[in-house]
Participant: 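Here you go, one structure.
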Amino acid sequence: MNEDDIFAKIIRREIPADIVFQDDRVTAFRDISPQAPTHILIVPNKPIPTVNDVTEADEADLGHLFVVAATLAQREGIAENGYRLIVNTNRDGGQVVFHVHMHLLGGRPMGRMVAKPA
Ligand code: AMP
């Protein structure tokens, strides 16, 4: 585990971010490069690098990501129209930050589920 990854620093409030929710399990903040009118990252406070590293001990924290996603979708006003939740893993998944995170994207139609490679 990497306690020094950029999201761990945001969670500890060592670097600035637009944090919209935090409790003892997860932190949520606006993506620095939003791909939709609402683009929030929901992150377990525990620095799990990828989904490949998840264990049963993480079930409560990771299940809580969905509870927070539903709460934030309501708060953002996108729950009824809908939204997309994405968790990228490793190279083919397009993961860039190696601290598990869920993208909450909405506020416009999200299009096809996945883009074909160029
Ligand atoms: P992923 O490709 O799933 O690893 O997504 C990483 C996301 O983190 C990207 O959408 C980035 O724009 C976002 N990101 C990287 N650094 C920051 C930061 N300091 N604050 C907010 N979002 C960030």
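Treat the numbers as computed from the prediction; the structure is a model and nothing was measured. Just follow the structure's listing: the first ligand is 1, and inside any ligand the first atom is 1.
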Participant: Which option out of V100, I32, N90 puts a heavy atom nearest to atom 14 (N) of ligand 1?
Facilitator: I32

Participant: Using a 4.0 Å cutoff against the non-hydrogen atoms of V96, which atoms of ligand 1 qualify?
Facilitator: 1 (P), 2 (O), 4 (O)

Participant: For A8, does its backbone N or O pair with a side-chain atom of D5 as donor and acceptor, under 3.5 Å?
Facilitator: yes

Participant: Ignoring hydrogens, just give me the one of Q95, H101, H39 whose non-hydrogen atom is nearest atom 3 (O) of ligand 1.
Facilitator: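 The option holding the nearest heavy atom is H101.
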
Participant: What atoms of ligand 1 come within less than 4.0 Å of a heavy atom belonging to S33?
Facilitator: 12 (O)

Participant: What part of F7 sits under 4.0 Å from ligand 1 if we count only heavy atoms: the side chain, the backbone, both or neither?
Facilitator: side chain

Participant: Can you tell me which portion of R30 lies within the under-4.0 Å heavy-atom range of ligand 1? Options are side chain, backbone, both, or neither.
Facilitator: backbone

Participant: I'd like the name of whichever of I86, T89, D18, D31 reaches closest to atom 13 (C) of ligand 1 through any heavy atom.
Facilitator: D31

Participant: May I ask you to list the atoms of ligand 1 that are less than 4.0 angstrom from any heavy atom of L41?
Facilitator: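 With L41 as reference, the close atoms of ligand 1 come out as 8 (O), 13 (C), 22 (N).
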
Participant: Please identify which atoms of ligand 1 are closer than 4.0 Å to at least one heavy atom of G94.
Facilitator: 1 (P), 2 (O)

Participant: Is there a heavy atom in I15 that sits closer than 4.0 Å to ligand 1?
Facilitator: no

Participant: Show which atoms of ligand 1 fall inside a sub-4.0 Å distance from at least one heavy-atom site of I6.
Facilitator: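 In order of numbering, the contacting atoms are 19 (N).
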
Participant: How does V87 reach ligand 1, by side chain, by backbone, by both or by neither, if only non-hydrogen atoms under 4.0 Å count?
Facilitator: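 Within the 4.0 Å criterion, V87 makes no contact with ligand 1.
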
Participant: Are more than 12 heavy atoms, taken from residues, nucleotides or ligands other than E14, located less than 6.0 Å from that residue's CD atom?
Facilitator: yes

Participant: Just how far is it from atom NE2 of H101 to atom CG of L41, taken to the nearest 0.5 Å?
Facilitator: 6.0 Å

Participant: Just heavy atoms, cut-off under 4.0 Å: does N88 contact ligand 1 by side chain, backbone, both, or neither?
Facilitator: side chain

Participant: Could you work out, for atom 18 (C) of ligand 1, the closest of V43, I19, I10 by heavy-atom distance?
Facilitator: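 It is I10 whose heavy atom sits nearest to atom 18 (C) of ligand 1.
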
